[in-house]
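On a predicted model such as this, the values are computed, not experimentally measured, just so you know.
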Amino acid sequence: MSFVSPSQLKEQIIEGKELAVVDVRSGGAFAGAHLLYAISIPLANLELEFRHLIPRLETPIVLCDDASGLVDIAVVRLTEFGYTQVNILDGGIEAWEKGGYEIFSGVNVPSKAFGEFVEHKYGTPRLPAEEIKAKLDAGENIVILDSRPMKEFTSMSIPGGICCPGAELAYRISDAVDDPQTLVVVNCAGRTRSIIGAQSLINAGIPNPVVALENGTMGWHLAGYGLDHGQVRRAPNVTKNGLERSRKMADTVAKRFGVEKVSSADLERFRTQTSEITLFVLDVRSPEEYIAGHLPGSRSAPGGQLVQATDEYVGVRHARLILVDDTGVRATMTASWLIQMGWDNVYVLDGGLTQSGLEVGPEQREVLGLGNLDVQLVEASVLNELITQENAVVIDLADSLEFRAGHIPGAVRASRSGLENVLGKLAGDDVTAILTSADGVLAKFAAAEESHRDDLTVYVLDGGIDAWTAAGYALESGDDPAAGELSEDVWYRPYEQTDAIEEAMHAYLTWEVALVEQIERDGTTRFRHFDPS
């Protein structure tokens, strides 16, 4: 372990070699201020997320925090797990800012800045909510395609809109819109996926007029129009003719942006080089398609989300990315955007899912150190009996948003780092403490850290909240006011705020637009503009 100065880190970022800059503070602190290309892996989730985002043990890593000492703990853990090049940003983000370098707020900033770059460079057409609403009221020929995943679409959507996530747009457009005169409106919650989605269809060369809904569903809400909730309208399945047309469009895009294909033999060769260069094999289809059958060793990364939030899927700058799907269309469209974002080693696997031996089921993530834990487990049925007793306390290690969405009735919320204080208040009262988390894994780590206690017994709900709901038991929603940190542990989207929602929306949209100037000041992005050809 060694210290890296801000100027040295700046040089490493510009140099363009493999590098992982990891901020180990809470998600909320990260969203408040961070380096542009830092990824967020809170110390509390280190074992759960690190190997997934940074799989190669030899990866050069620079950890940063706010000089709070979190990086010191992270270094010890990562070294024990076998990472060999773990360094610390000397002085943390404060030293970075004092060095005259840019500090960014928000999340998924590189991707969001890229969306603003695309609109600025390509002049992606857009219309405000008022004009779209007027056209709809006048009965004009319009289709609204929402480029977000179904979960977000179901939460809120433009009335009459159809869910067609980003990488699906060019793939499904020929079957979703059969009249070349139809105005195609692409929206998301804010700006990025609206812009990228609309420009995707323009790049693909569809004959229809295409516009982005300016400021997405937030712009629609701020204009005073109602949103739908609970809808599940999907774009139609792809027909034989639709597939043929989408493949032709993808071929055009591949030529313009230099998308390269690799064979299965190439992929196997790449796998033998993973001690030298990090490899990510990313399945850009929908999560449901991935679960039904995927290439062994691949990860689920739906194309639209991969572009929208690249740092949530790939934690190593300048790694090698192999994109996989069943037809080549979605992988090609996604690759074209990653290339424009500045990724050099991006390839599409030729005939990605034509071979036999596909795996079925959800993605399996490696959790560091999980096999070494020794904790006491209880089944959901046992916990259901325990919570009727006055001396049983369920402590949920979920973040504040997850806790609000659903938790075991009567549970209290605590962070991993704050658990010792919470348990200390229970000691001596003949209390049984049961820890839980989404799947129970985080709770196991937290319980193991409290195994030294002899003043009370700590159990873990086996399988966590997932097992509780699978057993048929109910959850309740709402915040735990006593836990605090409601705006500090994670980042809250404007529409997840409990008050001043419209103000938060205005501030967010203003922030997105301003990213173009900020990334120019930062000077480390490698966004690429391709002239039409």
*Does the side chain to side chain donor-acceptor pair (under 3.5 Å) test come out yes or no for Asp283 and Ser300, once each step is laid out?*
CA-CA 5 Å; Asp283 190 319; Ser300 179; over 6 Å; no
*Side chain of Gln305, backbone of Pro149: donor and acceptor closer than 3.5 Å?*
no
*Find out whether the Lys NZ or Arg CZ of Arg51 is both under 6.0 angstrom from the six-membered ring centre of Phe81 and within 45° of the ring's axis.*
no
*asked:* Can you tell whether the side chains of Arg330 and Glu289 come within less than 4.0 Å, N to carboxylate O?
replied: yes
*Is there a donor-acceptor pair under 3.5 Å between the side chain of His452 and the backbone N or O of Glu449?*
yes
_Leu349 and side chain to side chain contact (heavy atoms under 4.5 Å, CB included): which single residue from Leu295, Leu323, Val281 fits?_
Leu295
*Any donor-acceptor pair under 3.5 Å linking the side chain of Glu168 with the backbone of Pro165?*
no
*So Ile395 and Leu423, side chain to side chain contact (heavy atoms under 4.5 Å, CB included) or not? Walk me through it.*
CA-CA 9 Å; Ile395 304 173; Leu423 292 177; 3.7 Å; yes
Would you mind writing out the side-chain donor-acceptor pairs for residues 109-117 within the sub-3.5 Å range, not counting sequence neighbours?
residue: Ser111; atom: OG; partner: Val307; partner atom: O; Å: 2.8
residue: Ser111; atom: OG; partner: Gln308; partner atom: O; Å: 3.3
residue: Ser111; atom: OG; partner: Thr310; partner atom: N; Å: 3.4
residue: Ser111; atom: OG; partner: Thr310; partner atom: OG1; Å: 3.3
residue: Lys112; atom: NZ; partner: Tyr508; partner atom: OH; Å: 3.0
residue: Glu116; atom: OE1; partner: Arg191; partner atom: NE; Å: 3.4
residue: Glu116; atom: OE1; partner: Arg191; partner atom: NH2; Å: 3.0
residue: Glu116; atom: OE2; partner: Arg191; partner atom: NE; Å: 2.8

*Could you tell me whether the side chain of Ser194 and the main chain of Cys188 form a donor-acceptor pair under 3.5 Å?*
yes
*Between Glu496 and Arg404, is the closest basic N to carboxylate O distance under 4.0 Å?*
no
*Please check if the side chain of Asp399 supplies one atom and the backbone of Glu402 the other of a donor-acceptor pair under 3.5 Å.*
yes
_I'd like to know if Glu152 and Arg493 make a salt bridge, using a cut-off of under 4.0 Å between side-chain N and carboxylate O._
no
_Step-by-step side chain to side chain contact (heavy atoms under 4.5 Å, CB included) determination, Glu119 to Gln199_ = CA-CA 8 Å; Glu119 184 186 63; Gln199 194 62 46; over 6 Å; no
*Who passes ring-ring contact (aromatic ring centres under 6.0 Å, His included) against Tyr290, sequence neighbours left out?*
His294
_Distance to the ring centre below 6.0 angstrom and angle to the axis at most 45 degrees; does that hold for Arg320 and Trp343?_
no
*Does the pair Asp489/Arg413 count as a salt bridge with the N-to-O cut at 4.0 Å?*
yes
*Look at Arg77 together with Glu80 and state whether they make a salt bridge at an N to O cut-off of under 4.0 Å.*
no
_Please report the interatomic distance CG(Leu70) to SG(Cys64), rounded to the nearest 0.5 Å._
11.0 Å
*Run the numbers on Thr334 and Leu282 for side chain to side chain contact (heavy atoms under 4.5 Å, CB included), then give the verdict.*
CA-CA 11 Å; Thr334 305; Leu282 304 171; over 6 Å; no
_Stepwise side chain to side chain contact (heavy atoms under 4.5 Å, CB included) test for Tyr122 and Phe530_ = CA-CA 9 Å; Tyr122 292 100; Phe530 287 70; 3.9 Å; yes
